[in-house]
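Note that the numbering runs from 1 along the sequence shown for the chain. Both ligands and their constituent atoms are indexed starting at 1 by order of listing.
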Amino acid sequence: MNISIIGTGYVGLVSGTCFSKFNHNVICVDIDNEKIKKINKGISPIYEEGLDDLIKKYKKNIKASTDYKSSINNTDITFICVGTPSNEDGSIDLKYVKESAKGIGEILKTKNNYHVVVVKSTVLPGTTRDIILPILEKYSGKTAGVDFGVAMNPEFLKEGVAVYDFLNPDRIVIGSNDKKTSDILRNLYMDFTCPIIETSLSAAEMIKYASNCFLATKISFINEIGNMCKKLGIDTYDVADGMGLDKRIGRAFLDSGIGWGGSCFPKDLDALLSWYREKNEDARIIQSTIDVNDYQPLKLIDLLKKHLPDLKGKTIGVLGLAFKPETDDIRESRAIQVIDKLQKEGAYVKAYDPKAMDNFKKLFPNVNYCDKAEDVLDSDAILIATKWDEFRGLDYNGKIVIDGRKLDESRTARIYEGVCW
Ligand code: NAD
C-alpha cells in the first residue's frame with residue numbers, strides 16, 4: 001500500500017519505518033524541515049533502538065517531505081501522528097491535530113480515489129468523531145464513510161523499545177464507522193499475528209486512555225506500597241514478585257522507584273482528568289495516581305538529607321536524565337524535579353546521561369554535564385534517577401548512593417539507600 005504519515009516524531013517515524021519493512025511505500029510528512037532532510041539522508045532524527053538500521057535498510061520504501069499535496073495525492077492511507085500536548089491547565093491541545101486535519105481535507109477536495117484518514121495521535125474519546133471528522137468534511141466538501149474513510153488506530157508503543165513494540169503489539173485496535181475503512185486497515189495489518197479488535201471511533205480512543213491511566217496507576221500503587229515497605233525494612237521488589245505471580249495482577253509495571261514520566265502518561269492523565277472536570281466530575285483514582293507520582297521523586301532528596309542534612313555547597317551527582325533508559329526523551333523526567341530541588345537547596349549538580357544531555361541542557365544550563373558516567377562519582381553523594389545499563393559497571397565503593405531505580409550493582413556503596421527497598 002501507499003501510506004503517508006503526518007508528523008514524524010516517535011510514533012510517526014517508527015510507524016512509517018515499520019510499515020516500510022512490510023514493503024509498503026511510505027511518505028513521512030512533517031513541518032520540521034531538518035527532520036525531513038535527515039530522514040531523506042537515511043538518518044533517524046530521534047534515538048530509538050534499531051530505528052536507524054531500519055531506515056537505512058528500507059530506504060527505497062521511505063521518502064520524507066514537507067508537502068501535504070503530493071504526499072496525500074500519491075498515497076491511499078494517511079496516518080495523523082502529530083503531537084497532542086497539554087495546555088497550561090492540563091487540558092489537551094489539539095492545534096496540531098486540527099491543522100493537519102485541515103491540510104488533509106483541503107487535498108481530499110480534489111482527490112478522486114477513496115482515501116482513508118487514520119488518527120493515531122492520542123486524542124480524547126469523542127475527538128475523532130466530533131472534531132477531526134467534521135474538519136475533514138468541511139475542508140474536503142465530501143462525506144466521511146462515503147467519499148473517504150476515517151479510522152482511529154491508537155498506538156501503544158513504548159519509547160526506548162518503540163520499534164520492537166510496533167512490530168510485536170499485544171493487540172491492534174481499529175475504531176471506525178464503516179466496514180470499507182476497517183477492512184482496509186485489517187488488510188494493512190494482515191502480517192501481524194496479534195488479536196485485532198474492531199470498535200467504534202470513541203471506544204478506540206478510550207482504550208488508549210484507560211490503558212495508560214491503568215498502567216500509571218499500577219506504578220503509583222506499588223510506589224505507595226513501596227513507601228510503606230521502606231518504613232518496615234521490606235524490599236518492595238519481593239512484594240511485587242509475590243503479587244505479580246497472581247495472574248489477575250501480573251508482574252509488569254510493579255517496579256517501584258521515583259515514579260513515571262515521559263511524553264504520554266503525564267499528559268494523558270491530565271487530559272482525561274481535565275475533560276472529566278469540565279463535566280463537573282472528579283476522577284479520584286487518576287488524581288491520586290498523579291499526586292503519588294508528584295511526591296515520589298522528592299523521596300530521593302529526603303533520603304539524601306538523612307545523610308547530608310545541609311545540601312548548600314555540596315556537590316551532588318545525578319546519574320540518568322532521560323525519563324527512562326534507552327531514550328533521549330526527557331519530557332516529564334523525574335530527574336527534572338530532583339535537580340530543581342537540589343539547586344533550590346543550594347547544591348551544585350553534576351550529571352551524566354548517555355543520550356539525554358543535549359535535551360536536558362536546554363532546561364538546566366547550570367548543571368555540570370560530565371563526559372563520562374565515572375566523572376559523576378566524584379561528588380559528595382550520587383543519586384540514581386534512570387536505570388541505564390552502563391551505570392551497573394561503575395565503582396561505587398566508598399560513595400554515598402541514593403538509588404531511585406533499584407540498580408543493585410550500586411549496593412557496594414559505603415552508604416546505600418534504596419527509595420522503596
Ligand atoms: P512528537 O512530538 O515526537 O512528534 C510529533 C511530530 O509532529 C513532530 O515532528 C512535529 O514537527 C510534527 N508536526 C506538528 N504539527 C504538524 C503538522 N501540522 N503537520 C505535520 N507535522 C506536524 O510526538 P510523538 O511522541 O510521536 O506523539 C505523537 C502522538 O502519539 C501523540 O498524540 C502521543 O500522545 C501519541 N503517542 C506517543 C507515544 C510515545 O511513546 N511517544 C506512544 C503512543 C502514542
Side-chain angles (χ1 to χ4, degrees), residues 4-18 27-39 44-49 51 64-69 71-72 78-87 92-107 117-125 127-128 131-132 135 139 152-166 169-173 204-205 207-213 215-216 260-272 322-324 326-333 359:
S4 43
I5 307 268
I6 309 289
T8 57
Y10 286 87
V11 166
L13 186 57
V14 170
S15 306
T17 307
C18 290
I27 308 179
C28 293
V29 185
D30 208 288
I31 46 174
D32 182 340
N33 208 18
E34 290 309 307
K35 284 192 179 178
I36 296 307
K37 278 193 215 154
K38 278 195 172 166
I39 299 167
S44 169
I46 51 162
Y47 174 74
E48 264 303 328
E49 181 81 48
L51 188 58
S65 168
T66 52
D67 181 26
Y68 270 57
K69 192 168 182 191
S71 305
I72 291 162
T78 298
F79 280 84
I80 298 179
C81 300
V82 297
T84 45
S86 299
N87 289 311
I92 191 167
D93 179 355
L94 288 175
K95 71 169 174 286
Y96 303 119
V97 170
K98 288 180 182 171
E99 275 165 18
S100 51
K102 176 173 178 273
I104 297 164
E106 285 167 348
I107 314 297
V117 181
V118 187
V119 180
K120 212 179 221 327
S121 297
T122 302
V123 291
L124 283 166
T127 306
T128 304
I131 298 176
I132 301 174
I135 294 177
Y139 288 94
M152 205 289 145
N153 171 221
E155 181 50 56
F156 300 98
L157 61 77
K158 298 184 290 300
E159 282 177 31
V161 284
V163 171
Y164 178 86
D165 280 357
F166 188 91
D170 292 332
R171 76 305 209 183
I172 289 165
V173 178
E205 291 162 332
I207 288 169
K208 173 67 188 170
Y209 274 92
S211 302
N212 272 3
C213 289
L215 293 172
W260 40 268
S263 61
C264 292
F265 284 1
K267 80 170 175 64
D268 292 349
L269 269 68
D270 280 347
L272 199 61
F323 85 91
K324 67 175 184 182
E326 306 305 328
T327 178
D328 59 354
D329 198 337
I330 60 156
R331 288 178 277 187
E332 302 287 335
S333 166
N359 286 336

Counting each atom of ligand 1 from 1 as listed, which ones have a heavy atom of Ile6 under 4.0 Å away? 19 (N), 20 (C)
Are Ser100 and Tyr68 side-chain neighbours, meaning at least one heavy-atom pair lies under 4.5 Å? yes
So the atoms of ligand 1 within less than 4.0 Å of a heavy atom of Glu155 turn out to be 43 (C), 44 (C)
Could you name the option among Ile5, Ile104, Asp32, Val82 that has the heavy atom nearest to atom 29 (C) of ligand 1? Val82
Can Arg331 be said to touch ligand 1, with heavy atoms closer than 4.0 Å? yes
May I ask you to test the Glu205-Val119 pair for a side-chain heavy-atom distance under 4.5 Å? no
Option whose closest heavy atom lies nearest to atom 28 (C) of ligand 1, chosen from Cys81, Gly9, Pro154, Pro45: Cys81
Could you find the nearest protein heavy atom to atom 7 (O) of ligand 1 and give me its residue, atom name and distance? Gly7 CA, 3.4 Å
Of all heavy-atom pairs between Val163 and Glu49, which one has the smallest distance, and what is that distance? CG2-O, 3.7 Å
If you measure from each heavy atom of Lys208 to ligand 1, is any distance below 4.0 Å? yes
Tell me which protein heavy atom sits closest to atom 41 (N) of ligand 1, plus the residue, atom name and distance to 0.1 Å. Glu159 OE2, 2.8 Å
Ligand 1 atoms in contact with Val11 (distance to a heavy atom under 4.0 Å): 26 (O), 30 (O), 36 (N), 37 (C), 38 (C), 42 (C), 43 (C), 44 (C)
Of the backbone atoms (N, CA, C, O) and the side-chain heavy atoms from C-beta on, which set of Lys35 has a member under 4.0 Å from an atom of ligand 1: side chain, backbone, both, or neither? side chain
Taking side chain as C-beta onward, heavy atoms only, is Val161 less than 4.5 Å from Glu326? no
Identity and distance of the protein heavy atom lying nearest atom 32 (O) of ligand 1: Thr84 OG1, 2.5 Å
Ligand 1 contact by Tyr68, heavy-atom criterion under 4.0 angstrom: yes
Ignoring hydrogens and geometry, is there a side-chain-to-backbone donor-acceptor pair from Ser4 to Ile72 under 3.5 Å? no
Has Glu48 got a side-chain atom pairing as donor or acceptor with Ala162's backbone, closer than 3.5 angstrom? yes
Just to confirm my output: which protein heavy-atom neighbour is closest to atom 5 (C) of ligand 1, and how far is it? Gly83 N, 3.6 Å
Looking only at protein heavy atoms, which one is nearest to atom 34 (O) of ligand 1, and what is the separation? Lys267 NZ, 2.6 Å
Atoms in ligand 1 flagged as close to Cys264, the criterion being non-hydrogen separation under 4.0 Å: 36 (N), 37 (C), 38 (C), 39 (C), 40 (O), 42 (C)
May I ask you to say whether Glu34 pairs ionically with Lys37, meaning some side-chain N is under 4.0 Å from a carboxylate O? yes
Heavy-atom side-chain contact between Phe156 and Ser211 under 4.5 Å: yes
For Met152, the option from Ile80, Val123, Val118 that meets side chain to side chain contact (heavy atoms under 4.5 Å, CB included): Val123
Should we say atom OH of Tyr164 is surrounded by more than 12 heavy atoms from elsewhere, each under 6.0 Å from it? no
For Ser121, which part has a heavy atom under 4.0 Å from ligand 1: side chain, backbone, both, or neither? both
Counting from 1, what ligand 1 atoms have a heavy atom of Ser263 closer than 4.0 Å? 39 (C), 41 (N)
To the closest 0.5 Å, what do you measure between CD (Glu332) and CH2 (Trp260)? 8.5 Å
Quick check: Asp30 and ligand 1, any N/O pair under 3.5 Å apart? yes
Please state which part of Leu157 comes within less than 4.0 Å of ligand 1, counting heavy atoms only: side chain, backbone, both or neither. both
Is any side-chain heavy atom of Ile39 less than 4.5 Å from a side-chain heavy atom of Pro45? yes
Hey, looking at atom 35 (C) of ligand 1, which of Asp165, Leu94, Thr122 has the closest heavy atom? Thr122
Flag Phe156 as yes when one of its N or O atoms lies below 3.5 Å from any N or O atom of ligand 1, and as no otherwise. no
For the residue pair Ile36 and Ser65, what are the closest heavy atoms and their distance? CD1-O, 3.4 Å
